[in-house]
Every structure is written in C-alpha cells, then in structure tokens.
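A quick write-up on the structure given underneath.
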Amino acid sequence: MAASPKQTAAREAPVFDKFRQIQSRLEGAPHLLRLGRLFSETVLVVVDGDEFYLSFEKGRLLSVVNGPSRKTPWCFALRTDAEALEEFWKARPEPGFHDIFGLVKIGRGRIDGDILTLVKNLRFFKEVMALPRTAEEAVA
C-alpha cells in the first residue's frame, strides 16, 4: 500500500531540512569548497524510497530538489533508510554508521552509478554528507 502524500511529505521534511542545513554549512566551509572546486554533478540520495537530487556546481550545493524525476540525470546515487541516515548524522555514530561505505558494508546503504566520479571526489562528498553532525555533541 502506497503512502499518502501527507505521510510522504512528513517523512521527507526532516531529511530535506538536513540537506538545506548542509547547503548553508557548506558555504561556511572554505576547505570543502576548495576540495570540491572540480565537482559539478547531480547526486541522487534515496532515503526510504524518497528521492532527493543534490546539484553541485564547483563544490557549491546549488539546489536540493525532491523527486521522483525520471528526467533529472544524476552521476551517482546513495540509497539508504532514514534510521541509518539519522545514526550517520549523530556526532559520534556507531561503527558502520560512521561512513557512507560503512553503511554499505553493514547492509544499510547502496551506491549506484559512476563510482569513479565518487571516488575522485570521495573526501569532498563524505565530508559534505557529514556536515549535519553537530559540533557541540562531538566535544562531549
């Protein structure tokens, strides 16, 4: 049975807010902008079947768009579930949830598409995805 539009919107909102948070924090991270200066791609992130298209231009996250869209080309995709992503975004995630490849290894994530582009920009993408981790909790 398919989720109603209200249920889908309620489920998407926290994840979409985190991506918006990533967008604003990325602008205040000059080292990441330098790392990503050659990265201009669209990345698909699928969370519990909900699609989010993150469009980067020279390391800046220009837009975050809800899917689904069969017309939006993407370079590579990260597929996971909301619970795993919330654990990933904790200041001190448990082993396996600390990294996007850790999610894959424990069976809570999948990476599709152009892996070479991901690997060429791995440090940038991993650090961008980890931006919602709060500094206050990391110190505790």
Side-chain angles (χ1 to χ4, degrees):
M1 187 160 131
S4 73
K6 272 188 178 178
Q7 290 172 325
T8 300
R11 193 174 65 224
E12 288 177 351
V15 176
F16 191 78
D17 290 344
K18 289 284 188 180
F19 289 135
R20 287 289 185 200
Q21 187 179 18
I22 287 172
Q23 192 174 25
S24 64
R25 286 189 179 184
L26 182 56
E27 288 301 316
H31 77 286
L32 283 178
L33 294 174
R34 184 178 36 78
L35 275 175
R37 70 187 178 279
L38 300 176
F39 187 67
S40 297
E41 300 288 348
T42 297
V43 176
L44 171 62
V45 180
V46 181
V47 182
D48 289 332
D50 299 324
E51 298 179 1
F52 302 92
Y53 296 88
L54 284 61
S55 296
F56 292 89
E57 182 67 37
K58 297 182 180 175
R60 286 187 153 66
L61 182 53
L62 295 184
S63 68
V64 179
V65 179
N66 286 355
S69 172
R70 300 250 185 245
K71 294 181 180 180
T72 304
W74 47 269
C75 184
F76 59 86
L78 171 64
R79 301 171 195 275
T80 188
D81 61 89
E83 187 179 295
L85 204 52
E86 281 302 315
E87 183 65 32
F88 173 83
W89 281 330
K90 285 185 178 177
R92 295 181 186 208
E94 295 295 319
F97 294 95
H98 65 289
D99 184 78
I100 60 173
F101 286 110
L103 293 173
V104 173
K105 185 175 181 179
I106 63 171
R108 300 291 295 270
R110 192 174 92 208
I111 297 173
D112 299 320
D114 186 356
I115 302 302
L116 181 59
T117 300
L118 170 61
V119 172
K120 284 181 178 179
N121 299 282
L122 188 59
R123 181 173 173 207
F124 170 74
F125 186 70
K126 285 168 55 168
E127 288 190 31
V128 165
M129 286 299 294
L131 280 173
R133 293 179 179 163
T134 58
E136 305 84 46
E137 291 178 8
V139 175

Partner set under salt bridge (charged side-chain N to carboxylate O under 4.0 Å, His left out) for Arg20, not counting sequence neighbours:
none
Let me check something: do Ile106 and Leu85 share a hydrophobic cluster, defined by ILVMFWY side-chain heavy atoms less than 4.5 Å apart, either directly or through other members?
yes
Quick check for you: to the nearest 0.5 Å, what is the distance between Leu26 atom CG and Leu32 atom CG?
6.0 Å
Flag, side chain of Ser40 to backbone of Lys58, donor-acceptor distance under 3.5 Å:
yes
Applying salt bridge (charged side-chain N to carboxylate O under 4.0 Å, His left out) to Glu83 and not counting sequence neighbours gives Arg108
Within the 4.5 Å heavy-atom criterion, are Arg133 and Pro93 side-chain neighbours or not?
yes
Taking the side chain as C-beta and beyond, is there a heavy-atom pair between Arg123 and Leu35 under 4.5 Å?
yes
Enumerate the residue pairs fulfilling side chain to side chain donor-acceptor pair (under 3.5 Å) with a member in residues 97-106, sequence neighbours excluded, ordered by first and then second residue.
Asp99-Lys126
For Glu57, what residues pass the salt bridge (charged side-chain N to carboxylate O under 4.0 Å, His left out) criterion, not counting sequence neighbours?
none
Measure up the Phe76 and Phe125 rings against each other and bin them: parallel (under 30°), tilted (30 to 60°), perpendicular (over 60°).
perpendicular
Would Leu38 and Leu116 show up in the same hydrophobic cluster when neighbours are defined by side-chain heavy atoms closer than 4.5 Å?
no
Within one Ile-Leu-Val-Met-Phe-Trp-Tyr cluster: Leu78 and Leu122, side-chain cutoff 4.5 Å:
yes
With distance as the sole test, does Tyr53 use its side chain to make a donor-acceptor pair with the main-chain N or O of Ser69 at under 3.5 Å?
yes
With distance as the sole test, does Glu94 use its side chain to make a donor-acceptor pair with the main-chain N or O of Glu87 at under 3.5 Å?
no
Heavy-atom pair of closest approach, residues Arg79 and Leu44:
NH2-CD2, 4.1 Å
dist Ser55:OG -> Glu41:CD (nearest 0.5 Å) comes out at 10.0 Å
Applying a strict under-4.5 Å side-chain criterion to I, L, V, M, F, W and Y, I'd like to know whether Leu131 and Leu61 cluster together.
yes
Counterpart residues, ring-ring contact (aromatic ring centres under 6.0 Å, His included), relative to Phe124 (two or more places apart)
Phe39, Phe56
With Glu27 via salt bridge (charged side-chain N to carboxylate O under 4.0 Å, His left out) - residues at least two apart:
Arg60
Applying a strict under-4.5 Å side-chain criterion to I, L, V, M, F, W and Y, I'd like to know whether Val65 and Val15 cluster together.
no
Quick check: does any side chain N or O of Gln21 sit under 3.5 Å from a backbone N or O of Pro132, one acting as donor and the other as acceptor?
no
Main chain of Cys75, side chain of Asp114: is a donor-acceptor contact present, judged purely on distance under 3.5 Å?
no
Sub-4.5 Å side-chain heavy-atom contact between Leu54 and Thr42:
no
If we only count heavy atoms from C-beta on, is the Val46 to Asp50 side-chain gap below 4.5 Å?
no
Any donor and acceptor pair, going by atom type alone, linking the side chain of Glu51 with main-chain N or O of Asn66 inside 3.5 Å?
no
May I ask you to test the Ile100-Phe88 pair for a side-chain heavy-atom distance under 4.5 Å?
yes
Does this structure show an ion pair linking Glu86 with Lys90, if we count only N-O contacts that are shorter than 4.0 Å?
no
Do side-chain atoms of Trp89 reach the backbone of Met129 as a donor and acceptor pair under 3.5 angstrom?
yes
Could you give the distance from OG1 (Thr72) to CH2 (Trp74), rounded to the nearest 0.5 Å?
11.5 Å
